[in-house]
Amino acid sequence: MEKRKIEIMDTTLRDGEQTSGVSFSAAEKLTIAQLLLEELNIDRIEIASARVSEGEFQAVKGITAWAEERGYIQRIEVLSFVDGGVSIEWMKKAGAKVQNLLTKGSMNHLTHQLKKTPAQHFAEIATSIALAKENDIETNVYLEDWSNGMRNSPEYVFDFLAFLATQPIKRILLPDTLGVLIPAQTFEFISKITAKYPDIHFDFHAHNDYDLSIANVMEAIKAGIKGLHVTVNGMGERAGNAPLESTVAVINDYLPEVSINIKETSLYSVSKLVETFTGYRIPANKPIVGDNVFTQTAGIHADGDNKNNLYFSDLLPERFGRKRKYALGKTSGKANIEKNLQELGLKLNQEDLKLVTQRIIELGDKKETVTKEDLPYIISDVLNSHTYQDKITIDSYMLVHSKGMRPSTTLSLNLNGEIIEENAQGDGQFDAFMNALTKIYKSKKMTLPKLIDYAVRIPPGSSSDALCETIITWINNGKEFKTRGLDSDQTVAAIIATQKMLNVAIQ
Ligand SMILES: CC(C)C(=O)C(=O)O
């Protein structure tokens, strides 16, 4: 059976720009337009509202010049108004060839906003369409507030459609302007319209106010719609529009009777670029493009992935240019750690794996996020802890840092079984700690190795703040050696490195 083609119209550059606080520069608009058409294969794009500003005019001019050269000009659309030809003049100067004419799709809007009768409105629309035609501009017509129109004034909507059926237009665009439709209504309303006008091209423009945009998009397709409006990352007025990414995935996976032409593997990179241009952050749990949506956190999932891919679905990350990740944290378990080790090309015996797992769970308990890049540091720390037995331990300490007073430390040291407590002040918390330790050593007529270098680093490439490593270089009887400490807190890491030094020095 031949599949029905669904046209995808992306309105990131028009409705998406109506996201509160978002404004694209002309150069950004051109870059996004190029990616949408050439990288993703989007059928049509709506790039601006006519008459908005000089900046918008320049942006449209730039895109139309480029599109004309590439033969894409009929795929570039501009939102225009019933304004006696002002929008047409603006579009002509900007080089645009397709207007999406904004009209009133409900009696409520018509009477209370325009304060006109249907006959007056239709006459003005006919003039706008004729004027566009004279100027070689093609017309699509938006019925603003159409979904409420279908609920509250269906006779008006059908009169309006009967009028439009006589007009030289290409498409009729049906917006759920306030995002109020539920899937059953979407199906019912669109079915009624497509049954009556099977040869007219209708687009559906969803909004996401009830988080139902994708469900509505699916019903609109089943009801015979020929085109859909979407935005990258679901940006748009209020709660936004139907997100391009989920629309593509759900159509490809669940609606085999229709076809679309979008390149799935480029969805993520375009989404990221739009995120960067807008500063509008993608939530980590946003389907397809969110940071965490291909990360297995629970160990049982990673374990299942090893056993006949028990936790896989059709939403494979590679489809969207992404990779599956296995989180490291308190719920991760051995399977997650093994997956990360595999990726790093590392192997551990069962005992060390257990110790590393234990360390990661401890960090997770402190609400730290551990990344793959942290793993070699944790392993090195765990493996090094095998090389000596701690005879001297710092059993407890209190570090005080306050305004207007010198930092101070109280510590309790277990020196070969004897517990000694001491306190001291210093220039910083670690300095105060070392001063207290020096006091204990002096009281026992022992000498401490001298600290000659102190370096702190976070694991390179780590995107988490889980760990920092403190590496201290000491000198003892003319011999230099280094010890390291690993912790989420820099001073604690230094204290761990110091305890190691105390034990190395007595060997
Ligand atoms: C401006 C119009 C076309 C719109 O975006 C809507 O009604 O949702």
Side-chain angles (χ1 to χ4, degrees), residues 7-20 22-24 44-53 56 60 76-83 86-87 90-91 96 98-110 112-114 121 125 128-129 132 138-153 156-157 160-161 164 169-182 185-186 189-190 193 201-214 216-217 220 225 227-244 247:
E7 270 184 12
I8 301 290
M9 194 279 258
D10 181 285
T11 179
T12 305
L13 299 178
R14 196 280 297 169
D15 211 329
E17 205 181 24
Q18 286 170 220
T19 308
S20 172
V22 168
S23 169
F24 295 111
R44 299 149 43 206
I45 57 174
E46 187 175 52
I47 59 168
S49 300
R51 298 167 34 190
V52 161
S53 67
E56 202 66 344
V60 173
I76 308 289
E77 304 177 1
V78 170
L79 181 73
S80 64
F81 307 94
V82 183
D83 54 11
V86 186
S87 290
W90 191 96
M91 284 180 59
V98 182
Q99 70 162 338
N100 291 343
L101 184 64
L102 188 69
T103 69
K104 292 301 185 186
S106 70
M107 260 321 256
N108 205 17
H109 270 222
L110 182 66
H112 293 107
Q113 198 169 39
L114 294 191
H121 194 36
I125 292 167
S128 291
I129 295 170
E138 194 171 79
T139 300
N140 301 318
V141 177
Y142 263 120
L143 269 62
E144 193 188 14
D145 202 34
W146 160 81
S147 43
N148 276 322
M150 288 299 285
R151 299 209 287 204
N152 306 324
S153 50
Y156 167 72
V157 175
F160 196 172
L161 293 177
L164 287 175
I169 59 173
K170 182 121 189 213
R171 304 176 187 90
I172 299 178
L173 319 177
L174 305 176
D176 179 15
T177 299
L178 297 177
V180 292
L181 289 180
I182 59 168
Q185 289 170 329
T186 306
F189 296 163
I190 294 179
I193 289 177
H201 177 118
F202 291 101
D203 277 2
F204 176 57
H205 177 107
H207 275 279
N208 206 25
D209 298 64
Y210 283 97
D211 221 353
L212 286 172
S213 62
I214 295 295
N216 285 333
V217 155
I225 211 81
L228 290 172
H229 296 186
V230 296
T231 55
V232 174
N233 299 335
M235 291 167 60
E237 186 82 23
R238 302 180 316 280
N241 292 73
L244 164 68
T247 301

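Nothing here was measured: the structure is a model prediction, and the numbers come from that model. Counting convention: from 1, in listed order, for ligands and their atoms alike.
The salt bridge (Lys or Arg N to Asp or Glu O under 4.0 Å) test applied to D203 returns R44, not counting sequence neighbours. R171 is linked by a salt bridge (Lys or Arg N to Asp or Glu O under 4.0 Å) to E7, E77, counting only residues two or more places apart in sequence or in another chain. With sequence neighbours left out, E237 forms a salt bridge (Lys or Arg N to Asp or Glu O under 4.0 Å) with no residue at all.
The closest side-chain heavy-atom distance from I47 to V60 is below 4.5 Å.
For ligand 1, residues of the protein lying within 4.0 angstrom by heavy-atom distance are R14, D15, L102, Y142, E144, P175, T177, H205, H207.
Between H109 and N148, the side chains place no donor N or O within less than 3.5 Å of an acceptor N or O (distance only, hydrogens not considered).
Shortest non-hydrogen contact noted between T247 and V230 is OG1-CG1, 3.6 Å.
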